[in-house]
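Here the structure is laid out as structure tokens; the discussion comes afterwards.
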Amino acid sequence: RVNSYFSIAIKLDTNRSTNEYIQGGGSASGWYLYRIPLKDFKIGKGSPSLSFVETIRFWVSGVGSTVHLRFAEMNLVGNQWQKVLDDPRSTKPNKVTADDEVLTIAVVNVEDDPDYTSPPGVFRERDRTQPDYEIFKNEQSLALILKELEDGDSREVVRYLHRPLDVFSYKEMKLFIHGDKNDISDNSVSYYNDSTDYSSEVYLRFGTDSLNFYEYRQPVRADWNEVSMVFSQLTAIKQRRDSIDIKGLFRVPVAGLEGHSYGVRGEPTLTRVTFFLIGIVNPANKGRQGNKVSGSIWLNELRVLEADETPGWAYSVNTSFVLADLMRVNF
């Protein structure tokens, strides 16, 4: 009975260009997807807490005729990826802070986004909890949305693992990367003309910390393309780096793939992976100088493949003995 709550006003305007909370839908069926960040809610009355929520309340105001609203589904969702912020003491002119609007982290999926397409070979799983019906689960990708990324600047997102991951027994790691299909304009994040003229690069880093990691880097291209990182090649690059004693990030081109490169820094190990980091950079030495890029990049199906199946041996031994008339021992 305590009247204590957070509050937010949501416009019923269905124009996506003027209603910032509409993130999908709008087809002939009339359904719209609203995504409302919890940080946008303000204290409406009393002293509410997000750690103790008992009720949700709706009301409509500012209308002069009947309004009919239907709510199909309401979910609280979160993201395990977060922006990499610069040190507050940094003197960088384009310092990344919590209020940075150049990069937005979102998701795109089959159910909510009519323009979304799944990566090749990726299908929606069937819901086995309802065997009497043919119901398929949602399929979605991580979306990194860029708005006027400066020439020479970059943005990064990171996911920290609760438990270190051991990938030593696998042969390779793969993921799908999708660039905007609007790749004609050199302001598009996925513009690509040749190996010296393109808009942006995407890179994946994984390792133990920010000074010890492996890296894979490539230009952003339109549509879906699959990235493959072969662990034996990564460790070979690390040995090569150690033999010539190079400090800092050491990069080597990937054979047969123009513009792609492997990298290693510090002393990473495949037996202890504590984070995955994805970065997007507008390289200063590629494309038109001073050009800002915008658009979105989707990422999906980050996975390891080909577990080590080397044949081994297993032994089974049993024996028994008697200690006089005291006892018989079997093991």
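Remember, it's a predicted structure, so these values are computed and weren't measured experimentally.
- Applying the ring-ring contact (aromatic ring centres under 6.0 Å, His included) rule to F213 yields no partners; only residues at least two apart in sequence or on another chain are considered.
- The shortest side-chain heavy-atom distance between L234 and V264 does not fall under the 4.5 Å cut-off.
- Distance OG/S47 to OH/Y5: 12.5 Å, rounded to 0.5 Å.
- Annotation: side-chain contact (heavy atoms from CB on, under 4.5 Å) contacts of Q218 (sequence neighbours excluded): V202, Y216, N225, V227, H260.
- Side-chain atoms of L277 and V158, non-hydrogen and from C-beta on, do get closer than 4.5 Å to each other.
- Nearest heavy atoms, V293 versus L146: O-CB, 4.5 Å.
- Sorted by first and then second residue, the salt bridge (Lys or Arg N to Asp or Glu O under 4.0 Å) pairs involving residues 250-268 (not counting sequence neighbours) are E215-R251, K238-E267, R241-E267.
- The ring-ring contact (aromatic ring centres under 6.0 Å, His included) search around Y192 returns Y198, not counting sequence neighbours.
- Every residue meeting the side-chain contact (heavy atoms from CB on, under 4.5 Å) condition with I135, not counting sequence neighbours, appears here in chain and number order: D127, Q130, Y133.
- Considering all non-hydrogen atoms of both residues, V273 and L270 come closest at CG2-O, 4.2 Å.
- Counting only residues at least two apart or on different chains, the salt bridge (Lys or Arg N to Asp or Glu O under 4.0 Å) pairs with a member in residues 220-233 are E226-R303.
- Other members of the hydrophobic cluster containing V108, listed by chain and number, are V110, Y116, V122, F176, W224, W298; membership follows side-chain contacts under 4.5 Å among ILVMFWY residues, whether direct or relayed.
- In this structure F123 satisfies the side-chain contact (heavy atoms from CB on, under 4.5 Å) test with no other residue, sequence neighbours excluded.
- Y21 meets the side chain to side chain donor-acceptor pair (under 3.5 Å) test with D40; sequence neighbours excluded.
- Contact check for E139 versus N300: side-chain heavy atoms found under the 4.5 Å cut-off.
- Sorted by first and then second residue, the side chain to side chain donor-acceptor pair (under 3.5 Å) pairs involving residues 160-172 (not counting sequence neighbours) are E172-S228.
- The line from CG of N285 to CG of D151 is 9.0 Å long, rounded to the nearest 0.5 Å.
- By the 4.0 Å N-to-carboxylate-O rule, E111 lies close enough to R124 to be salt-bridged with it.
- With contacts defined as side-chain heavy-atom distances shorter than 4.5 Å, the pair T269/T208 qualifies.
- Contact check for D209 versus T274: no side-chain heavy atoms found under the 4.5 Å cut-off.
- Remark: D153 pairs with R155 by the side chain to side chain donor-acceptor pair (under 3.5 Å) rule, at least two apart or across chains.
- With sequence neighbours excluded, the residues that form a side-chain contact (heavy atoms from CB on, under 4.5 Å) with S4 are V2, P48.
- No side-chain heavy atom of V96 sits under 4.5 Å from any side-chain heavy atom of V84.
- Between L175 and M229 there is a side-chain heavy-atom pair separated by less than 4.5 Å.
- For the pair T97 and D86, the minimum side-chain heavy-atom distance is 4.5 Å or more.
- For D13 and T18, the side-chain atoms include at least one donor-acceptor pair closer than 3.5 Å.
- Here D180 contributes atom CG and S296 contributes atom OG; the two are 3.5 Å apart, rounded to the nearest 0.5 Å.
- N3 places no side-chain N or O within donor-acceptor distance of the main-chain N or O of K45, the cut-off being under 3.5 Å.
- Listed for the Y32 side chain is no donor-acceptor partner under 3.5 Å among the backbone atoms of R16.
- Note: F331 and F321 have perpendicular aromatic rings, judged against thresholds of 30 and 60 degrees for the angle between ring planes.
- The existence of a salt bridge linking R205 and E156 is confirmed by a sub-4.0 Å separation between a basic side-chain nitrogen and an acidic carboxylate oxygen.
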